[in-house]
Amino acid sequence: MPEPNSFVWNMMIRGYLRNKEPNKTLQFFEQMRLRDVKPDKFTFPFVIRACADLGLVKKGQWVHGQVIKVCLSVDVFIATNLIEFYVSCVSVSVAHKVFDEMPVKDTVSWTAIMSGYVNQGGSNMEMARNFFEEMPVKDLVAWNTMVAGYVKIGDVRVARKVFDRAPVKDILTYNTLLGGYAKYCEAEFVLQFFNEMPERDVVSWNSVLGGLVQNKRINEAMLFFNRMQMENVKPNMVTLVSVLSACGQVGALDMGKWVHTYIDRSGIGLNAIVGTTLVDMYCKCGELESAQHVFNCMPSRDTVTWNALIMGLSMNGKSKEAMKVFLRMQDECVMPNEVTMIAVLCACSHAGLVDEGRRCFDTMHQKFGIIPKLEHYGCIVDLLGRAGLLNEAYTFIESMPLVPHTGVWGALLNACKIYGNVELAECASKHLVELDPQDGGYLAAMSNIYANAGKWDNVAEVRKLMKAKGIRKLPGCSSIEIDGEIHEFGVEEKIHPRSGEIYKMIEHISKLLSLAGHVASTTEVFFDVEDEEKEKALFYHSEKLAIAFGLIATDKGTTLRVVKNLRVLVLVKITGDAAIPMNALAESNATRKFCIKPSVLAVKDNVLDRSSGEWTRKLVL
DNA sequence: CTAGGGTTAG
């Protein structure tokens with residue numbers, strides 16, 4: 001075109017913005033100015049939005065200056081976009097100023113500033129509320145914004161009050177409140193609200209599903225997913241991501257594979273989120289080859305994807321490979337974030353790479369601009385502690401510029417447990433109980449540490465304290481997937497329909513184990529039962545129930561995949577022709593997952609070998 | 001036949 005007018009320029013600018021190329025938008029804006037075409041009231045909203053998308057503070061402010069120069073700052077559309085820009089790139093208070101200076105405001109501009117305060121969360125909700133009550137005309141979106149705001153700060157009761165007050169509601173109003181219920185309320189209540197909704201869309205289904213998954217109610221989540229299919233609601237990516245996350249949590253590999261093929265067949269291709277979830281799921285199921293394969297096939301990867309693989313390898317004891325992936329990540333110029341560093345430090349910790357871990361910690365700020373947070377300090381304490389450098393770990397805590405949280409002291413306590421350091425353990429647990437009086441786990445650990453040191457008076461004292469406070473350790477829980485169905489087991493739980501057979505099988509295995517000369521360790525794990533019951537309790541430890549069930553419910557040679565709820569640090573993988581389990585697991589509450597082949601049963605060796613950098617429990621049967 | 005605000009996932 002010889003001389004495109006402003007309308008044409010605006011179309012180009014809009015087109016690039018809509019196709020997620022804000023850089024091109026700005027380039028065209030620049031061209032437009034160079035060719036002396038005056039930007040108009042339509043041009044600026046796009047340009048401001050492009051600046052906001054790219055986080056270009058200076059540029060945005062400059063554009064604001066231009067707007068003032070051409071006397072367009074009175075335009076409602078432009079001002080509203082400026083509000084959004086300042087909210088996302090500068091601060092709500094600056095946005096607030098722009099709002100105050102608007103000569104004419106409409107419902108959208110009121111909602112924009114309200115939403116700005118809503119997204120800040122916390123006490124800013126009061127400001128949002130003031131705006132809301134003051135705005136002259138409240139439309140559907142304004143009501144929805146308020147409901148969302150209260151959901152965001154976790155106040156579902158007030159959210160419901162606003163919801164009830166709203167004169168008009170659409171599916172988004174319902175979905176917003178439903179999302180809040182899904183996050184904070186009992187599953188029964190959520191389902192009741194869901195069932196009573198006048199209409200439901202995929203988002204409604206996804207909210208409930210996501211809530212169930214995040215609350216670890218995996219069986220219900222899977223049933224809900226089945227119901228969704230029965231009612232012919234087509235799952236979208238969000239649905240599948242939730243299902244995959246559920247699979248990872250309980251090691252449901254069959255289901256995970258099914259979802260994977262479903263994704264492939266549906267032809268959507270892997271986006272970064274779905275791909276990452278697949279990588280994560282395969283890692284948590286111990287299928288590292290599949291995880292790597294998905295990773296390599298992904299057309300686009302981001303930092304989170306790399307994090308999933310590094311953490312996955314590390315969780316499975318492949319620390320060296322995790323470090324290699326970290327190097328490759330840097331080669332490919334993907335910027336690590338805080339989570340990456342946690343995964344990397346975790347890998348160092350597992351492999352006992354003390355110096356390497358320290359170096360990563362010391363250089364992460366200058367190399368990647370990541371300021372160490374409490375989690376990173378926790379990793380270093382864990383790293384030093386596991387390596388037996390307990391005093392150094394303690395000095396490290398003392399020198400921290402941040403106030404140590406439960407993760408930091410917990411790591412020290414854990415290390416004290418491994419190395420039987422009573423004195424430091426007392427110090428750590430004192431801090432832990434102060435920080436989180438509700439959690440009985442620390443006192444439980446303390447009781448075990450005293451028991452291992454033979455300090456029975458102290459054991460009794462701690463037990464008494466726990467009884468008085470009425471606190472208990474979080475119960476262990478294991479799950480196993482058989483023929484696509486997930487079976488969960490708690491300690492000494494007898495509600496499984498085949499529990500009779502399961503307990504018989506446990507006794508059978510136990511006989512074989514003691515015939516082979518194995519003696520169960522009774523010093524740890526159960527502090528709150530009498531000594532004579534200890535053996536029984538250990539004996540019925542939740543993963544044993546899961547394994548025993550696996551043994552009776554599958555054919556010989558089937559791999560059993562058992563997942564625990566507590567701790568996700570070390571993977572015990574049983575290798576060799578055959579392998580087995582029972583006490584390997586009871587003694588390692590750091591176990592996340594293990595695979596066994598139920599073919600032979602006899603114990604020959606019982607050595608914990610960590611020389612290869614992996615935890616390998618050799619119990620050849 | 002040009003513009004702004006509200007819901008689900010790694």
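Throughout, a chain's letter reflects where its sequence line sits, starting with A, and its residues are numbered from 1. Computed from a prediction, not measured in an experiment: that's the story for all the values here.
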Colleague: With a centroid cutoff of 5.5 Å and a plane-angle limit of 30°, would you call A:Phe77 stacked on B:dG4?
Modeller: no
Colleague: Categorize A:Thr107 for me: base, sugar-phosphate, or nothing, with a 4.0 angstrom heavy-atom threshold over every strand shown.
Modeller: base
Colleague: Assess the pair A:His64 and A:Tyr86: is the distance between their ring centroids shorter than 6.0 Å?
Modeller: yes
Colleague: Would you indicate what A:Thr43 reaches in the nucleic acid, counting non-hydrogen atoms under 4.0 angstrom: base, sugar-phosphate, or nothing?
Modeller: nothing
Colleague: Is A:Lys105 positioned over the aromatic face of A:Phe99, cation under 6.0 angstrom from the ring centre and no more than 45 degrees off axis?
Modeller: yes
Colleague: Go through B:dA9, B:dA3, B:dG5 for me and flag the one nearest to the A:Val141 side chain.
Modeller: B:dG5
Colleague: Taking any heavy-atom pair under 4.0 Å as a contact, classify A:Asn81: base, sugar-phosphate, or nothing.
Modeller: sugar-phosphate
Colleague: Without swapping roles, check the side chain of A:Asp170 against the backbone of A:Leu172 for a donor-acceptor pair under 3.5 Å.
Modeller: yes
Colleague: Using side-chain contact (heavy atoms from CB on, under 4.5 Å), reason through A:Val202 and A:Thr239 one step at a time and then give a plain yes or no.
Modeller: CA-CA 8 Å; A:Val202 216; A:Thr239 320; 4.0 Å; yes
Colleague: Calculate the interatomic distance between A:Trp306 atom CH2 and B:dG10 atom P; express it in whole Å.
Modeller: 22 Å
Colleague: Nearest-Å distance, CD (A:Glu84) to C1' (B:dG5)?
Modeller: 7 Å
Colleague: Could a donor-acceptor pair under 3.5 angstrom be found where the side chain of A:Asp302 meets the base of B:dG10?
Modeller: yes
Colleague: Under 4.0 Å, counting only non-hydrogen atoms across every strand here, what does A:Ser6 touch: a base, just sugar-phosphate, or nothing?
Modeller: nothing
Colleague: I want to know whether A:Tyr377 and A:Phe361 have ring centres closer than 6.0 Å.
Modeller: yes
Colleague: May I ask you to check whether A:Trp306 and A:Phe295 place their ring centers less than 6.0 Å from one another?
Modeller: yes
Colleague: Report yes if a side-chain nitrogen or oxygen of A:Arg49 is closer than 4.0 Å to either non-bridging phosphate oxygen (OP1 or OP2) of B:dT2; otherwise report no.
Modeller: no
Colleague: Could you check whether A:Tyr282 and A:His293, counting side-chain N and O atoms only, form a donor-acceptor pair closer than 3.5 Å?
Modeller: no
Colleague: Which listed nucleotide (B:dT2, B:dT7, B:dA9) is nearest to the side chain of A:Met11?
Modeller: B:dT2
Colleague: Where does the angle between the aromatic ring planes of A:Phe224 and A:Phe194 fall among parallel (under 30°), tilted (30 to 60°) and perpendicular (over 60°)?
Modeller: perpendicular
Colleague: Just how far, in rounded Å, is P of B:dG5 from CG of A:Asn119?
Modeller: 12 Å
Colleague: Considering only heavy atoms, which members of residues 124-135 of chain A lie under 4.0 Å from some atom of DNA chain B?
Modeller: none
Colleague: Which part of the nucleic acid, if any, lies within reach of A:Val76 when heavy atoms closer than 4.0 Å are counted: base, sugar-phosphate only, or nothing?
Modeller: base
Colleague: Select one nucleotide: of B:dG5, B:dA9, B:dT2, the one nearest the side-chain heavy atoms of A:Ala142.
Modeller: B:dG5
Colleague: Using a cut-off of 4.0 Å on non-hydrogen atoms, how would the nucleic acid contact of A:Thr276 be classed: base, sugar-phosphate, or nothing?
Modeller: base
Colleague: Measuring to OP1 and OP2 of B:dG10, would you say a side-chain N or O of A:Gln249 lies under 4.0 angstrom away?
Modeller: no
Colleague: Please state how far atom CZ in A:Phe46 lies from atom P in B:dA3, giving the value in whole angstrom units.
Modeller: 5 Å
Colleague: Using a 4.0 Å heavy-atom cut-off, does A:Asp106 contact any base of the nucleic acid, only the sugar-phosphate backbone, or nothing at all?
Modeller: base
Colleague: Nearest to the side chain of A:Arg18, which nucleotide is it out of B:dA3, B:dG5, B:dA9?
Modeller: B:dA3
Colleague: Please walk me through it: do A:Thr107 and A:Asp139 pass side chain to side chain donor-acceptor pair (under 3.5 Å)?
Modeller: CA-CA 7 Å; A:Thr107 316; A:Asp139 68 357; 5.0 Å; no
Colleague: Tell me if the side-chain of A:Thr80 makes a donor-acceptor pair with the base of B:dG4, cut-off 3.5 Å, by modelled atom types.
Modeller: yes
Colleague: Can you sort out which residues in residues 29-42 of chain A have a heavy atom within less than 4.0 Å of DNA chain B? Ascending by number, please.
Modeller: A:Lys41, A:Phe42
Colleague: Whole angstrom is fine here: how far is it from CZ in A:Arg14 over to C1' in B:dC1?
Modeller: 9 Å
Colleague: When we call it a touch if two heavy atoms are under 4.0 Å apart, what does A:Ala272 touch: a base, just sugar-phosphate, or nothing?
Modeller: base
Colleague: Going through the distances and angles, do A:Asp40 and A:Thr43 end up as a side chain to side chain donor-acceptor pair (under 3.5 Å)?
Modeller: CA-CA 5 Å; A:Asp40 58 21; A:Thr43 320; 2.9 Å; yes
Colleague: When you check the gap from the basic side-chain N to the acidic O, do A:Glu101 and A:Lys97 get nearer than 4.0 Å?
Modeller: no
Colleague: Can you check the A:Leu172 CG to B:dG5 C1' distance for me, whole Å?
Modeller: 12 Å
Colleague: What integer distance in Å separates A:Ile83:CD1 from B:dA3:P?
Modeller: 19 Å
Colleague: Nearest whole angstrom, please: distance from the P of B:dG4 to the OH of A:Tyr86.
Modeller: 19 Å
